[in-house]
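These notes concern the structure reproduced below.
Start at 1 and go down the list; that is how both ligands and their atoms are numbered. What you see below is based on every heavy atom in this structure, not just the backbone, and it leaves out hydrogens, waters and symmetry mates.
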Amino acid sequence: MGDELLVETRGAVRVLTLNRPDKLNALNPALLEALADAFGGIEAEASVRAVLLTGAGRGFCAGADLTQNMGRDARDVGALIDKHYNPMVWRMRALPLPVIAAVNGAAAGAGANLALAADLVIAAESANFTEAFIRIGLIPDAGGTYFLPRLIGDARARGMAMTGETITAAQAADWGLIWRCLPDSGFAEAALEFATGLAARPTQALAAMKQAFNASGANSLDTQLELERDLQHEMGTTPDFAEGVRAFIEKRPARFTGAAGAPIQPGLAPRQ
Ligand code: T3D
């Protein structure tokens with residue numbers, strides 16, 4: 001593997017840094033493959049309890065590398081999406097750990113949507129988001145047409161996609177596109193602190209929450225209530241639930257380990 005992606009472990013946080021700063025961390029096949037590998041292996045490592053994704057230099061990610069991937073011959077962009085982008089989004093969404101995107105600078109095209117595929121997005125105040133696809137005759141990919149309307153509503157989603165206008169981090173936070181906009185000064189440290197805080201939370205509950213939120217877009221209320229019941233049943237068997245309740249009663253901070261509980265028991269029938 002080259003150095004397009006820096007992979008470090010800081011405490012219980014796996015830090016993935018897109019590392020092509022001269023091109024604002026634009027995505028080439030090597031970087032996309034490194035990302036897929038990095039996301040693919042994480043869940044087997046019990047000591048890793050959160051993932052932080054950020055960019056080196058002044059950009060977060062400028063989307064597909066337009067100098068490598070396109071512009072020469074007609075390319076099958078759909079095949080590139082199928083091979084590289086979709087598996088990455090699936091892995092990020094399915095990973096049973098919180099994924100935090102720390103957007104340190106420009107996030108454009110698939111770079112913006114890569115950030116939006118994370119569970120939580122924080123951005124430095126000088127960062128920005130551009131659905132740049134329309135500028136080159138493409139549509140938002142990497143989940144853009146899915147995430148945008150769910151996060152900010154149809155009007156703003158279509159506005160961002162169809163105009164390609166750049167949205168500041170402050171505006172993104174105001175619209176609910178991201179969780180929080182933070183000062184530029186000390187952003188990297190603040191992002192790691194934020195991820196470290198999540199890594200110390202009940203990991204099984206975060207994973208189950210993620211599963212429930214992921215499913216909610218397609219589920220009816222009935223189905224979602226049943227899913228919540230099943231997941232909560234499982235959470236009730238985790239050591240972290242016992243510890244959380246004990247710590248509350250003993251009026252002390254909880255010490256969560258992230259250990260798994262019992263799997264869902266068969267026989268929890270759907271509601272009639
Ligand atoms: O082929 C496939 O994989 C299909 C999939 C497509 C999915 C997509 O993501 S399509 C969308 C692709 N991305 C874009 O269209 C965004 C292109 N970049 C920009 O519009 C601007 O760079 C930004 C708005 C993001 C930032 O602007 P600014 O002024 O801060 O920086 P800059 O000067 O434009 O860029 C700095 C350098 O990065 C520059 O190189 P240079 O001149 O210093 O040698 C620039 O060429 C390079 N760079 C920026 N974006 C890309 C890039 N190089 C390659 N590919 C890029 N996407």
Any atoms of ligand 1 less than 4.0 Å from a non-hydrogen atom of [X]? List them with their elements.
X: D141; result: 5 (C), 6 (C), 7 (C)
X: V77; result: 4 (C)
X: I136; result: 10 (S), 11 (C)
X: L80; result: 1 (O), 2 (C), 3 (O)
X: F133; result: 7 (C), 8 (C), 9 (O), 10 (S)

query: Under 3.5 Å, N or O to N or O, is Y85 touching ligand 1 that way?
result: yes

message: Below 3.5 Å, N or O to N or O, backbone or side chain included: is there any such pair between A106 and ligand 1?
response: no

field: Residue among L198, I42, L206 satisfying side chain to side chain contact (heavy atoms under 4.5 Å, CB included) with L97
entry: I42

Salt-bridge present (E43, R91; N to O < 4.0 Å): no

- request: Look at E226 together with R229 and state whether they make a salt bridge at an N to O cut-off of under 4.0 Å.
  value: no

task: Answer yes if the side chains of T166 and N128 hold a donor-acceptor pair under 3.5 Å, and no otherwise.
output: no

query: What part of A26 sits under 4.0 Å from ligand 1 if we count only heavy atoms: the side chain, the backbone, both or neither?
result: side chain

query: Looking only at heavy atoms, is any part of A108 under 4.0 Å from ligand 1, and if so is it the side chain, the backbone, or both, or is it neither?
result: side chain

- request: Decide whether the shortest distance between a heavy atom of R58 and an atom of ligand 1 is less than 4.0 Å.
  value: yes

- request: Using modelled atom types only, decide if a donor and an acceptor are shared between the side chain of R14 and the backbone of V51 within a distance under 3.5 Å.
  value: no

